[in-house]
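Side-chain atoms are counted along with the backbone in the values below, which use heavy atoms only and exclude waters and symmetry mates.
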Amino acid sequence: MKKFRIITILLALVMLWIAIGITCYAKTDSGVRSSLSRKGCRLEQAVILSRHNIRSPLSGNGSALDALTPHEWFAWSSKASELSVRGGILEAEMGQYFRKWLEAEGLFTPNEQPEEQAVRIYANSKQRTIATARFFAASLLPVSNTPVEYHCAFDTMDSVFNPVFTDMSDEYAAAANEEVHRLYDEKIAALADNYTRIFDVLDISESKAYKSGVFTGFSTDDSVFSFELGKEPAVSGSLKTACQISDALVLQYYEEPDPQKAAFGHILSDADWEAVAEIKDVYGDVLFSAPRIAAHVAHPLLAEMHRELRTEGRKFTFLCGHDSNLASVLAALGAEDYSLPDTIEKRTPIGAKLVISKWDHNGRKLISLDLVYQKTEQLRGLSLLDISNPPAIYSLRLKGLAADKNGMYKAEDILSRFAK
């Protein structure tokens, strides 16, 4: 009897250990991966939609941002809105990482010189996207002359990447306005503390704009949305001004080695920087992630990606656009809600890439979807990336589709979702 009790206790301990193991696994199974590879699967194709890497703020010297602080902003190596030197270096590192991954998967040979049409590099016609694509391509295919496509006049928006309304009616505009308010009014209202934080970081109370009465402070209930034919979704009010500040501060944090100097002499914690970045995250979601809007403004890019996934002989595609492209495409595809780890930008980090990989598993065609991005410490530290020191990799889930235990989907389901 005593022996039986001992065995029972041991079995209970084993079951408890298993339960703890399962629980721990569930807690750590947050979608984060250490590799893009899938065990037992053969890679057949990869299509990447990328955001450009670090750029200077969209507004240059003499802009409204200057009037909102008594401090001087970072002295950028590039003109307003253009890719910075650091951004180019970081993108080259990403290209190197993907080269090593594709070689490890056997899709590329060392020093790959792809056959015609096997690889496509296509960028929006802005300086920051063309330059990002060139830096990426140079490291991905260092001995190949694979061209970087851009189809419009330099520094204009290509219609494929331009998230504008191509059709409009009063009824649609009213429905879009209702949807945005219904989905995001609470999130905007929750930004009150974030607004206070950037007000303090910029020392706005000591600025010319504040002292002259041009700027009187932030409000969480003054957002007015605009939906017009041929234009991007837009918002006026505090959210827009706060986003411009958030964007400039985040970029300054990436570029300026001294974090205290990046915060104009203030000491900010990681949580503080996340609060600063959250403003631009909410701004991007508000304008581009409402389902009614996302499916509309992302349509040309979704069609382009769908074609690439079905192009015979294509092994690798790199499409370089903007955070608005990532936000609208992910929302249109029905990505489940997520908050990215190891980055202050939780939605579409600078340089982030949606990687859609097609695999063969014993004759079954599968597709995985991952967001790949450099962690904040990698952006600030210019970390050299390779298979042993990868960027952050986050597996996405799509609403209404069943994924297997490895987070992969039937290829026909993903292609049908694109077509829909």
When you measure from the side chain of [X] to the backbone of [Y], do you find a donor-acceptor pair of N or O atoms at a distance under 3.5 Å?
X	Y	answer
R38	I367	no
T69	L65	no
S328	N325	yes
K315	Q45	no
S289	V286	no
H52	C320	no
R42	D360	no
E256	F74	no

Angle class for the F199/Y210 ring planes (parallel below 30°, perpendicular above 60°, tilted otherwise)?
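Answer is perpendicular, since the angle exceeds 60°.
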
Should the pair W101 and F98 be assigned to parallel (<30°), tilted (30 to 60°) or perpendicular (>60°) ring geometry?
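If you compare the ring of W101 with that of F98, the planes turn out perpendicular.
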
Considering only heavy atoms from C-beta outward, does the side chain of [X] approach that of [Y] to under 4.5 Å?
X	Y	result
Y373	I393	no
E336	L396	no
F225	L287	yes
I204	F218	yes
Q96	D386	no
L330	L371	yes
L366	D404	yes
N53	F135	no

Rounded to the nearest 0.5 Å, what separates atom [atom1] in [X] from atom [atom2] in [Y]?
X	Y	atom1	atom2	answer
S207	L202	OG	CG	8.0 Å
C41	N406	SG	CG	7.0 Å
D222	S238	CG	OG	3.5 Å
Y150	I130	OH	CD1	4.5 Å
T241	L68	OG1	CG	7.5 Å
E149	L319	CD	CG	9.0 Å

Closest non-hydrogen atom pair, [X] against [Y]:
X	Y	answer
A277	S246	CA-OG, 3.8 Å
L326	A352	CD1-O, 3.7 Å
E274	T343	OE2-O, 4.4 Å
K240	V235	CD-O, 3.3 Å
W73	L249	CZ3-N, 4.0 Å
R380	P259	NH2-CD, 3.5 Å

Begin from the C-alpha positions of E278 and K187 and carry the test salt bridge (Lys or Arg N to Asp or Glu O under 4.0 Å) through to its verdict.
CA-CA 10 Å; E278 185 181 12; K187 286 190 175 182; over 6 Å; no

Is the centre of the F161 ring less than 6.0 Å from the centre of the Y122 ring?
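F161 vs Y122: aromatic centres under 6.0 Å.
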
Between [Y] and [X], is there a salt bridge with N-O shorter than 4.0 Å?
X	Y	result
K365	E44	yes
R55	D247	yes
K353	E91	yes
R347	D337	yes

If you draw a 6.0 Å radius around [atom1] in [X], do more than 12 non-hydrogen atoms from other residues or ligands fall strictly inside?
X	atom1	answer
H299	NE2	no
D270	CG	no
K346	NZ	yes
E116	CD	no
D258	CG	yes
K375	NZ	yes

Show the numbers, then the answer: is there a side-chain contact (heavy atoms from CB on, under 4.5 Å) between L382 and E93?
CA-CA 9 Å; L382 291 174; E93 291 175 5; 4.2 Å; yes

Using a distance-only test with no angle check, is there a side-chain donor-acceptor pair under 3.5 angstrom linking [X] and [Y]?
X	Y	value
S368	W359	yes
D413	S416	no
E112	S144	no
S226	E228	yes
E345	Y254	yes
E232	S324	no

Please evaluate residues Q117 and T311 with respect to the criterion side-chain contact (heavy atoms from CB on, under 4.5 Å), reporting the C-alpha separation (whole Å), side-chain torsions for both, the decisive distance (0.1 Å), and the verdict.
CA-CA 9 Å; Q117 303 302 317; T311 297; over 6 Å; no

Can you check side chain to side chain donor-acceptor pair (under 3.5 Å) on D272 and S269, steps first, answer last?
CA-CA 5 Å; D272 289 328; S269 65; 3.1 Å; yes

K358 vs I414, side-chain contact (heavy atoms from CB on, under 4.5 Å): CA-CA, chis, key distance, verdict
CA-CA 10 Å; K358 291 174 66 176; I414 297 297; over 6 Å; no

Residue from T129, N124, N162, T348 passing side-chain hydrogen bond (donor to acceptor under 3.5 Å, both in side chains) with H322
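Passing option: N124.
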
May I have the step-by-step check of side-chain contact (heavy atoms from CB on, under 4.5 Å) for S395 and R397, ending in yes or no?
CA-CA 7 Å; S395 291; R397 298 291 186 270; 3.6 Å; yes

For a side-chain contact (heavy atoms from CB on, under 4.5 Å) with L49, tell me which candidate from T317, I356, V329 qualifies.
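Result for side-chain contact (heavy atoms from CB on, under 4.5 Å) with L49: V329.
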
Applying side chain to side chain donor-acceptor pair (under 3.5 Å), run through S81 and Q127 and close with a yes or a no.
CA-CA 8 Å; S81 82; Q127 189 275 352; over 6 Å; no

Of Y172, F227, F288, which meets ring pair (Phe, Tyr, Trp, His ring centres under 6.0 Å) against H296?
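Only one of Y172, F227, F288 forms a ring pair (Phe, Tyr, Trp, His ring centres under 6.0 Å) with H296, namely Y172.
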
